[in-house]
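First listed ligand is number 1; within each ligand, the first listed atom is number 1.
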Amino acid sequence: MYNIYDFELKKLENLLQEIFSEKPFKAKQIFQWVYKREVFDFDQMTDLSKAFREKLKENFCIKKPTIYKKQVSKDGTIKLLVELEDKNLIETVLIRYTYGNVACVSSEIGCDMKCGFCASGLLKKSRELKVSEILGQVLLLNDILKEEGNNEKITHIVVMGTGEPFLNYDNVMDFIRICNSPFALEIGARHISVSTCGIVDKIRKYADEGLQTNLAISLHAPNDEIRSKIMPINRTYNISELMDAVKYYLKKTNRRVTFEYILIKDLNDSLDCAKQLTDLIKGICAYINLIPYNEVMENKFKTSPQQNVRKFYDYLYKQNINVTVRKGFGDDIDAACGQLRAKEVKSDT
Ligand code: SAH
């Protein structure tokens, strides 16, 4: 049985052609029923012939994952533990900014990147997520917004939940295409961001996609010595290789890149680090997002004191670097990267 949610439009067109010799426009009709009118019963798709609907029913389902647990923070942030068909749990967050509703989605179950500071890596990767499982996270959040009755929807997507999106590249790209499609969720490409720890060959591939979506790089250190200590991926692709790929991306897309930089006490938050960071990104069309570290019980890293964050920020600002400090959301509900699932899965086993 195929799940409609696993297919972006072109792939559904091809599949319908291949298995039923049907014309491509039928896929568009199905998309509109499912995503625009939210009709999930093939029998109600009245502009499709009865015979075709019967064939669809025999071969396709329209199935979302389910909500296992929902936590709501004082600031309105919602964190979901989502249960997949095989009973695996993944997490998804809805963050409410003034400019819109942001879905932070997971791309894998667990993660093998072993970044020392990150709670997601506490659980080894068991598998990559299917398109329907990444998309299902957004659909469930849309259902919650619909229930609230304010006519709101998810307006922005960040692929920054658990997992390394560029190790599930094809499914993440298809997910993006469905989000962006005028026949489906119609979320503007510029409202969609993918964050990577630095899988260099995939950054180049992403640059070649011809998309208008955004790229964020988890940099977190201004030199190889510190970066290799906290992010093992740096031993495969060092900073200079990473920067070459970023420059390629910028040249190909004419867009800006975001560098995420977690500030961790006594590790990467000194003025000297700020100076090195400035030198590293001078001349690159970038913007730096400083993130006060969210402490994780299972490791020794501490969040940078406020005055260090301030000094670090001021230094970059004075060097004319585009820099912001990310505001924390949902601290009271373990919205810090991977914490909820780690707790839940541990207590279950
Ligand atoms: N694998 C991808 C996306 C998932 S992580 C990546 O590495 O970019 C999303 C972001 O959250 C990354 O920048 C990651 O480094 C950061 N992050 C992980 N743990 C964190 C923590 N405890 N506090 C703050 N940011 C964290």
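By the criterion of a heavy-atom distance under 4.0 Å, both the backbone and the side chain of N294 are placed next to ligand 1. Only side-chain heavy atoms of H220 come within less than 4.0 Å of ligand 1; its backbone N, CA, C and O stay farther off.
Taking the six-membered ring for Trp, Y206 and F166 have ring centres closer than 6.0 Å. A ring-centre distance under 6.0 Å is found for Y99 and Y97. H220 and F117 have their aromatic ring centers within a separation under 6.0 angstrom. In this structure, Y35 has its ring center at least 6.0 angstrom away from the ring center of F183.
Of all atoms in ligand 1, numbered sequentially from 1 with element shown, those under 4.0 Å from a heavy atom of V296 are 22 (N). Close approach of ligand 1 to T196 is summarised as follows: ligand atoms under 4.0 Å from at least one heavy atom of the residue are 6 (C), 7 (O), 8 (O). Near S218, with a cut-off below 4.0 Å to any heavy atom, the atoms of ligand 1 are 6 (C), 7 (O), 8 (O), 12 (C), 13 (O), 15 (O). With ligand atoms numbered from 1 in the order given, ligand 1 contributes 6 (C), 7 (O), 8 (O) to contacts under 4.0 Å with heavy atoms of C197. For ligand 1 and C118, the ligand atoms under 4.0 Å from any heavy atom of the residue are 18 (C), 19 (N). Taking a cut-off of under 4.0 Å to the non-hydrogen atoms of G163, the atoms of ligand 1 that pass are 1 (N), 2 (C), 3 (C), 4 (C). Those atoms of ligand 1 that come under 4.0 Å of a heavy atom in G161, given as number and element, are 4 (C).
Between the side chain of E128 and the backbone N or O of I109, no donor-acceptor pair lies under 3.5 Å.
Residue contacts with ligand 1 include E260, since one of its heavy atoms falls under 4.0 Å from the ligand. Under a 4.0 Å heavy-atom criterion, G198 is not in contact with ligand 1.
Taking the ring centre of F52 as origin, the terminal cationic atom of K26 falls inside the region bounded by 6.0 Å and 45° from the ring axis. Cation-pi geometry between R204 and Y248 is satisfied (NZ or CZ under 6.0 Å from the ring centre, within 45° of the ring normal).
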Could you walk me through whether N214 and R255 pass side-chain hydrogen bond (donor to acceptor under 3.5 Å, both in side chains), step by step?
-> CA-CA 8 Å; N214 306 305; R255 299 193 48 74; 2.5 Å; yes

